[in-house]
There are 2 protein chains.
Amino acid sequence: MRAERLKGHLDALLLAVLAGGPRHGYGVIEALRTGSGGRFDLPKGTIYPALHRLEQAGLVRGTWSDDTGRQRRTYELTAAGKRQLNDERSSWREFSTAVVALLEGKPCPAT
Amino acid sequence: MRAERLKGHLDALLLAVLAGGPRHGYGVIEALRTGSGGRFDLPKGTIYPALHRLEQAGLVRGTWSDDTGRQRRTYELTAAGKRQLNDERSSWREFSTAVVALLEGKPCPAT
DNA sequence: CACCTATGGGTAGCATTACTACCCTTCAAA
DNA sequence: TTTGAAGGGTAGTAATGCTACCCATAGGTG
């Protein structure tokens, strides 16, 4: 999977994953991998800054938990994040429709 | 249409448009607009550098024409460009499949 | 004539964003 | 004791689309 394709879509995927319940960073990476059929195997250097961005934007809330004596940060969707996820879904559909029309549609001959 | 979504997919769209026959830059912009149902209305500052990239990569061949006394540059797919377009199409399908699985699929609950 | 608009090509610099390559800790198993 | 996985993090880089400009020609319209 060429990486650049992900640009601009990662936030939507993170929100979608967190819609399944709170997770910490490693869990998010795992959910992306399994949920995509192994197609997205993203490095931590991609996920953590992205989660921080989403938190900064108020779409996600992160809380430190210390259940096993180990510091781990758990992220969950905020109300704004859920709304954003809906927007992202319809935005994806529109984008996808346009791309498919151009990629798979019959060629429009030049004048 | 949020712009960042386009990142990493523009080259594929350009190749797809040029598969309909040679065009100059303005024609490419127009074809992207009409072919996408008005969803992609991309500025020249996006298209021209991208076409130059594709030319540099040997996927597209540009030739100056002077039919109406006006200098215009016409681009057409090379053989490598046609091959690349096929790759881009299957790559898009794979990417799209993965995104849809995550965005629309049933949430995978955290452990 | 002067001005505006569309067509047509181009570039410099900016902002965003994902990635590589690192640093750190804790814990279990070999 | 050492190795590996789990877990969190950052600095710097590369790619790339966009904004804001530059240029020219042509055809209308005030």
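All figures in this text were calculated on a predicted structure; none of them were measured in a lab.
Straight-line distance from the CZ atom of A/Arg73 to the P atom of C/dC24: 22 Å, rounded to whole Å. Rounded to whole Å, atom P of C/dC19 lies 7 Å from atom CG of A/Leu10. Following rounding to the nearest Å, B/Leu51 (CG) and D/dT16 (P) show an atom-to-atom distance of 14 Å. Distance B/Gln71 CD to D/dT25 C1': 11 Å, rounded to the nearest Å. One atom, CD1 of B/Ile29, and another, P of C/dG10, lie 11 Å apart when rounded to the nearest Å. Residue A/Arg5 contributes atom CZ, which lies 16 Å from atom C1' of C/dT17 at whole-angstrom precision. As rounded to whole Å, 14 Å separates atom C1' of C/dG10 from atom CD1 of B/Ile47. Summarising the geometry, the separation between CG on B/Leu6 and P on C/dT16 is reported as 17 Å, rounded to the nearest angstrom.
Residue contacts for B/Gly45: at a heavy-atom cut-off of 4.0 Å it reaches a base atom on one of the strands shown.
Using the six-membered ring where Trp is involved, A/Phe95 and A/His9 have ring planes that are tilted, between 30° and 60° apart.
For B/His24, whose side chain is taken as the heavy atoms from C-beta onward, the closest listed nucleotide among C/dT17, C/dG9, C/dT11 is C/dG9. Closest approach to the A/Tyr48 side chain among C/dG8, D/dT10, D/dG17 is made by D/dT10 (side chain taken as heavy atoms from C-beta onward). For A/Lys44, the side-chain atoms get nearest to D/dG7 when compared with the rest of C/dT17, D/dG7, C/dG8. Set against D/dT19, C/dG9, D/dG9, the side chain of B/Tyr26 has C/dG9 as its closest nucleotide. Closest to the A/Tyr75 side chain, of the nucleotides D/dG9, D/dG8, D/dG17, is D/dG9. In the set C/dG8, C/dA18, D/dA6, C/dG8 carries the atom at the smallest distance from any side-chain atom of B/Arg72.
Close to D/dG17, at under 4.0 Å from its OP1 or OP2, lies a side-chain N or O of B/Arg53. Phosphate contact (OP1/OP2 of C/dT17, side-chain N/O of A/His9, threshold under 4.0 Å): absent.
Counting only heavy atoms from C-beta outward, the side chains of A/Ile47 and A/Leu32 approach each other to under 4.5 Å.
Atom OG1 of A/Thr46 is separated from atom CZ of A/Phe40 by 12.0 Å, given to the nearest 0.5 angstrom.
Below the 3.5 angstrom threshold, one finds no donor paired with an acceptor across the side chain of B/Lys7 and the base of C/dT17.
Tested against A/Val28 for a side chain to side chain contact (heavy atoms under 4.5 Å, CB included), the candidates A/Leu13, A/Leu18, A/Leu42 yield a single pass: A/Leu18.
Between the side chain of B/Thr74 and the backbone N or O of B/Arg23 there is no donor-acceptor pair closer than 3.5 Å.
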